[in-house]
Amino acid sequence: MKNTTKCAKLHAVSDLRVEENVIPSVSEDEVLLEVKACGICGSDLPRVYTKGTYHFPTVIGHEFSGRVVCDSENKLTGKKAAVFPLLPCFECEPCKDGNYATCKNYDYYGSRRDGGMTEYIPVKRWNIVEMPETLSFEEGAMCEPVSVGLHATKKLDISEGDTLLISGAGPIGIIAAQWATSFGSKAVYFFDIDERKIAFAKKMGFLEYTGVEKVTCVIEGTGNSAALARCLEAVEPFGRVVLMGNPSGDVSMTQNTYWHILRKELKVFGTWNSSYNDDMNDWRDSIKALGEGKINVRPLITHRYSIDDVNEAFEMMKDRREFYNKVILIMNGGK
């Protein structure tokens, strides 16, 4: 194996470079992962073009999978694996309760420390999620959005006969719709400002919301004030609402919008990341569902790029030159 790794490293806002660096040393609590696939998340766009990372330079990417090529304990060597990207402190009160997503002092692959847009990366052994050999690396890289979608959908406590409305027909929205269907939802509706996304959702077997359908559950997946207002107006009395969209600015409500929560006696939940502990592990459940075909992410992967073409991938997404759902970077042969 070579001792260097090609990576996509962000040096400043709008300065993403493909570089060849020495592979970092591997600590006793880490394994060396040969990365095969890394997804570009919607949050990576502002990370590259407006917000930056927590320090420069940083190798970005938090949706990745690969094969373990070195494990000092020799337990994981050769295994296919996805990576839970959050590194908790294990010291704060949320961590002591196993609620690692709400850790007060967490680290994170791809934003707070070097992430998965690289050919090789040391990964904490604790963060390794073993994959079955039958699952592709591309599907493994999708385990992060699948787990996020599961975590949000579970909060709705969906049962047979429920109907769901989702604002935003991006990858996580489509995945959440699949989870809802598996839990018994008899219909899932979407609305989105991009008609191409609605057309894609319909190809996946879901429905376009026209404003007259009755829904018992809602996932707001955009972090947009107008979308939130429409969701709260649409849901039936005593319905359940999950706020999942990560806002890019302030989110506000009119008096009438706020009244929907009060007068309908709605249950409103927030959701953040995913569960990852011995008792509740969205990642374990997601890998199982992917392996069994309960969740199918293959149609969502619309574009594949090499690490050398990472800037082309980001520019295509930023400028919306083409319709895309999930864009994946392929490294070390992928598959």
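For Glu20, the CD atom counts as densely surrounded, since its 6.0 Å shell holds more than 12 non-hydrogen atoms of other residues, nucleotides or ligands. With a 6.0 Å radius and a threshold of 12 heavy atoms from other residues, nucleotides or ligands, Asp278 has its CG atom at or below the threshold. By the neighbour-count criterion of 12 heavy atoms within 6.0 Å, atom NZ of Lys124 is densely surrounded, having more than that number from other residues, nucleotides or ligands. The 12-atom threshold is not exceeded at NZ of Lys75, counting heavy atoms of other residues, nucleotides or ligands nearer than 6.0 Å. Counting non-hydrogen atoms of neighbouring residues, nucleotides and ligands closer than 6.0 angstrom, the CG atom of Leu45 exceeds 12 such neighbours.
Annotation: salt bridge (Lys or Arg N to Asp or Glu O under 4.0 Å) contacts involving residues 206-231, sequence neighbours excluded, comprise Lys202-Glu208. Among pairs with a residue in residues 246-273, none fulfils salt bridge (Lys or Arg N to Asp or Glu O under 4.0 Å), at least two apart in sequence or across chains.
Between Glu130 and Lys80 there is no salt bridge, since no side-chain nitrogen of the basic residue lies less than 4.0 Å from a carboxylate oxygen of the acidic one. Salt-bridge formation is detected for the pair Glu34/Lys36: a Lys NZ or Arg NE/NH1/NH2 atom is positioned less than 4.0 Å from an Asp or Glu carboxylate oxygen. Looking at Lys9 and Asp114, no side-chain N of the basic residue comes within less than 4.0 Å of a carboxylate O on the acidic one, giving no salt bridge. Look at Arg125 and Asp29 and you find no salt bridge, because none of the NZ, NE, NH1 or NH2 atoms lies under 4.0 Å from a carboxylate O. Under the 4.0 Å criterion applied to side-chain N and carboxylate O atoms, Lys155 and Asp157 are not assigned as salt-bridge partners. We find that Arg320 and Asp194 are not joined by a salt bridge, their nearest charged nitrogen and carboxylate oxygen being 4.0 Å or further apart. In this structure, Glu119 pairs ionically with Lys2, as a charged nitrogen and a carboxylate oxygen lie closer than 4.0 Å. Ion pairing of Asp162 with Arg240 is present here, as a side-chain N (NZ or NE/NH1/NH2) and a carboxylate O approach within less than 4.0 Å. Using a 4.0 Å cut-off between a side-chain N of Lys or Arg and a carboxylate O of Asp or Glu, Lys288 and Asp285 do not qualify as a salt bridge.
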Anything under 3.5 Å between a donor and an acceptor, one on a side chain of residues 56-66, the other on a protein residue two or more places apart or in another chain? List them.
| residue | atom | partner | partner atom | Å |
| --- | --- | --- | --- | --- |
| Thr58 | OG1 | Thr53 | OG1 | 3.1 |
| Thr58 | OG1 | His55 | O | 2.5 |
| Thr58 | OG1 | His55 | ND1 | 3.4 |
| Glu63 | OE1 | Lys326 | NZ | 2.8 |
| Ser65 | OG | Phe137 | O | 2.6 |
| Ser65 | OG | Ala141 | N | 3.4 |

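A donor-acceptor pair under 3.5 Å is absent between the side-chain atoms of Asp282 and the main chain of Ser274, judged by distance alone.
Lys203 pairs by the salt bridge (Lys or Arg N to Asp or Glu O under 4.0 Å) definition with nothing, not counting sequence neighbours. For the salt bridge (Lys or Arg N to Asp or Glu O under 4.0 Å) test, no residue two or more places apart in sequence or in another chain qualifies with Glu91. Looking at residues two or more places apart in sequence or on another chain, you find a salt bridge (Lys or Arg N to Asp or Glu O under 4.0 Å) between Glu133 and Arg67.
Hydrophobic cluster membership is shared by Leu156 and Ile166, with clusters built from Ile, Leu, Val, Met, Phe, Trp and Tyr side chains linked at under 4.5 angstrom. With hydrophobic clusters built from ILVMFWY side chains whose heavy atoms lie under 4.5 angstrom apart, Val31 shares a cluster with Val35. If you chain together hydrophobic residues whose side chains sit under 4.5 Å apart, Ile172 and Val297 fall into the same group.
Ring pair Trp126/Tyr276 is perpendicular by interplanar angle, where above 60° counts as perpendicular and below 30° as parallel. Between Phe183 and Trp179, the ring planes are parallel. Angles under 30° get that label, and only those over 60° would be called perpendicular.
Checked against the 6.0 Å centroid threshold, Phe90 and Tyr100 count as a close aromatic pair.
The side-chain heavy atoms of Tyr49 and Glu315, taken from C-beta on, include a pair separated by under 4.5 Å.
Judged by a 6.0 Å distance limit and a 45° cone about the ring axis, Arg196 is not positioned over the six-membered ring of Phe323. For the pair Arg113 and Tyr109, the cation-pi criterion (under 6.0 Å, within 45° of the ring axis) is fulfilled.
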